[in-house]
Amino acid sequence: MFTNKKSLLALSVASAFALTGCFSDDDGNDYTPDPGGPGDGGSVIAPETPVALDFVISGSVVENEEFNVLSNATVKFMENGVESSNIINIDGSSAQSLTDAGSFVVTLKEGADLDSVTAIVSADGYISKVFSVDLTNEDDADVLTAQFVLFTGDSDEVKTEVTTETLASATTSAEIKADAAINGASLASATLPAGITLQNAAGDAVEAGELSLSVLGTDPTSDTKGSIIPQGLNANNTSGNVAVPVSVADITMTVGDTKVKKFGGDTLNVTLAAPADLDAGETLSVKSLDEDTGVWKDEPFAVTKGTGTVSFETDHLTWFSVNKSATACSTGLSTTVTGDAVPSGGLTFVAASSDGLGFSMIPAGATSADVFTAATLTFNGFSADAMAEVYVFDSEGGMWFESDGEVAVCGTVPVELEQPYTVVEKTLTLSAVCANDNEIAVDLSNSVVSYGRENKVAKTALKNADDNFDLVGLSEGETYNVAVNFRGVPVVGDNTFSFEADAEALTQEFEVTCPEGTGGTGGTGGN
């Protein structure tokens, strides 16, 4: 898929930028000058221009209320259950795991042939989640936006309960139970019987110490259930049916600093709240998540149905989903667009229900769009008769459309857009001269520009056909911060600045530390 891309690794010898976060003042301006060096009486030479990037992934991790960026987030990229070697930083270095990744920019290794990549995303105080990043349309856009939304574990629809006990040995001497309940109604409980031996991932008994049993449960009928469940429950599903999550829970246990992953001598009982209208004759199955790989697997556990509950026995701990089977949608989801025009940069289309959560993009100016294919609906847990609430919003969380309750998602969903504020776009020109010879211009057009409001998602821009940068989707009158990744060009001073959103063009000038050599008039382009 990327064999026709320009080389993303053939960067300039000056390119030594290491991604540390979009709005860091440290832009990694390490540069090795020409061997001639200053002081040999030679002429000043502009640094080589790094090779242009023609595709990047602009990612962000945000919380679900105000869409504020979670600056302490961690993102780990996986492919088929192993760490990805194809996701790289824009200097070509590995980007398998990113820290302080509230906003980040990565790209793909030359020759990578990927339809998707899995991101395992976490942040302190929020529920970790597995996301799938769709790369099938990467040739249609220079910048692919990936927005990861995390939820807290304590709200009107989700609850986390932690029980602690002091263990004299690795074997429990009495029953231990954690019950996540809201207003007295249990959402999920886990009961550890007496006489069970706690083991680590290798199957070894843990040492005695302080036990912590954590249970996260959700309202089985709420959108939140479909939003927090890790994606991939229906990965590689071509059966014609969809595994629809009925009830989900995340159960973890530690003794001291050791994670308990297995049990010896007995099993742990898990009981989950289930929809009241669950068919008594429904055949249910259980899947569990491998948290290290982000891959769901089938479990042999038998499911017992009660009045408003489902329960099973497990010999290990992780995310669990109790599922029913439903017929898959054969047509996919499309939309027709009326009202205000889709702005430059596009809008995000979201379908959310207790079954699942799907994100897609509506391109700029579109009057219709194929939002989800039938296969994508299946992947996201939506069946032929699925209903969901539909939202259309921009990257800053501005709402452009909200459906009146749930609508059928297998077919066509019309949306009438209403912009929440005056949207403008701005053209940015970067210019530079050598600090030691202002007559010599330096080309900064192959830089990567990130811009956003304080605490909001940072958008990313690559150069346009005129070697400038289109800053789109701006809210008029708001102040935006810009960070420029010069990709190795040794710019003097700060790489950040701010501007107020209006339609006027913007020029930002810089000075560059230029080496002195024995001849030459400037850079010839990286290769």
Side-chain angles (χ1 to χ4, degrees), residues 17 19 21-25 27 50 52-60 62 67-69 90 102-107 140-147 340-348 361-366 392-398 400 417 419-432 443-487 489 491 493-510:
F17 179 88
L19 180 65
C22 273
F23 290 105
S24 167
D25 286 343
D27 66 353
L53 292 174
D54 56 8
F55 176 76
V56 295
I57 300 170
S58 178
S60 58
V62 299
F67 280 73
N68 289 325
V69 168
I90 57 178
S103 293
F104 59 89
V105 183
V106 294
T107 186
D140 296 335
D142 294 337
V143 179
L144 175 66
T145 300
Q147 193 168 92
D340 290 331
V342 181
S344 298
L347 294 171
T348 301
M361 292 297 295
I362 303 177
V392 178
F393 60 86
D394 56 38
S395 60
E396 300 185 26
W400 290 62
L417 302 180
Q419 64 180 34
Y421 46 76
T422 301
V423 179
V424 296
E425 58 184 83
K426 204 173 183 74
T427 299
L428 168 65
T429 300
L430 299 179
S431 64
D443 184 3
L444 299 179
S445 65
N446 288 344
S447 301
V448 176
V449 173
S450 297
Y451 58 102
R453 289 162 53 197
E454 191 73 26
N455 297 323
K456 296 298 182 181
V457 170
K459 308 178 186 72
T460 299
L462 302 181
K463 68 179 180 181
N464 60 24
D466 298 322
D467 289 343
N468 299 316
F469 299 85
D470 296 324
L471 310 185
V472 300
L474 306 175
S475 177
E476 187 176 45
E478 295 287 349
T479 299
Y480 287 78
N481 302 317
V482 178
V484 183
N485 180 341
F486 300 108
R487 300 181 57 224
V489 178
V491 171
D494 204 349
N495 70 316
T496 63
F497 57 93
S498 299
F499 68 88
E500 185 173 297
D502 55 36
E504 295 182 4
L506 175 67
T507 298
Q508 193 72 17
E509 298 179 348
F510 297 91

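Sequential numbering from 1 along the given sequence is applied to the chain's residues. Everything quoted here is computed from the prediction, not taken from an experiment.
Checked against side-chain contact (heavy atoms from CB on, under 4.5 Å), Ala366 has the following partners two or more places apart in sequence or in another chain: Ile362, Pro363. The side-chain contact (heavy atoms from CB on, under 4.5 Å) check on Thr348 picks up Val350, Phe359, Met361, Phe393, with sequence neighbours excluded. Considering only residues two or more places apart in sequence or on other chains, Glu476 meets the side-chain contact (heavy atoms from CB on, under 4.5 Å) condition with Thr422, Val424. Residues satisfying the side-chain contact (heavy atoms from CB on, under 4.5 Å) criterion with Glu454, sequence neighbours excluded, are Asn481. In this structure Asp502 satisfies the salt bridge (charged side-chain N to carboxylate O under 4.0 Å, His left out) test together with Lys426, sequence neighbours excluded.
In terms of heavy-atom proximity, Leu462 sits nearest to Val143 at CG-CG2, 4.2 Å. Across every non-hydrogen atom of Ser475 and Ala501, the tightest pair is O-CB, 3.3 Å. Between Leu474 and Leu471, the shortest heavy-atom contact is CD1-O, 3.6 Å. Nearest heavy-atom pair, Gly345 versus Ala364, reported as atom, atom and distance to 0.1 Å: N-CB, 4.1 Å. The two residues Leu444 and Phe510 make their nearest non-hydrogen contact at CD1-CD1, 3.9 Å. When every heavy atom of Thr507 is checked against every heavy atom of Ser431, the shortest pair comes out as CG2-OG, 4.2 Å.
Ring geometry for Tyr451 against Tyr480 counts as tilted: the plane angle lies between 30° and 60°, on a 0 to 90° scale.
For residues 463-475, the salt bridge (charged side-chain N to carboxylate O under 4.0 Å, His left out) pairs, not counting sequence neighbours, are Lys463-Asp467.
For the atom pair CG of Leu430 and CG of Asn446, the computed distance is 11.0 Å after rounding to the nearest 0.5 Å. Separation of atoms CG (Leu53) and OG1 (Thr460) is listed at 11.0 Å; rounding is to 0.5 Å. Within the model, atoms NZ of Lys459 and OG of Ser450 stand 11.0 Å from one another, a figure rounded to the nearest 0.5 Å. The line from CZ of Phe67 to NZ of Lys456 is 9.0 Å long, rounded to the nearest 0.5 Å. To the nearest 0.5 Å, atom CG of residue Asp394 and atom OG1 of residue Thr145 are 11.5 Å apart. Atom CZ of residue Phe469 and atom CG of residue Asn464 lie 8.0 Å apart, to the nearest 0.5 angstrom.
In this structure, Asn485 and Val105 have side chains that are not in contact, with every pair of non-hydrogen atoms separated by 4.5 Å or more. Using a 4.5 Å heavy-atom threshold, the side chains of Asn455 and Val69 count as separate.
Side-chain N or O atoms of Thr496 include none that pairs as donor or acceptor with a backbone N or O of Ala483 at under 3.5 Å.
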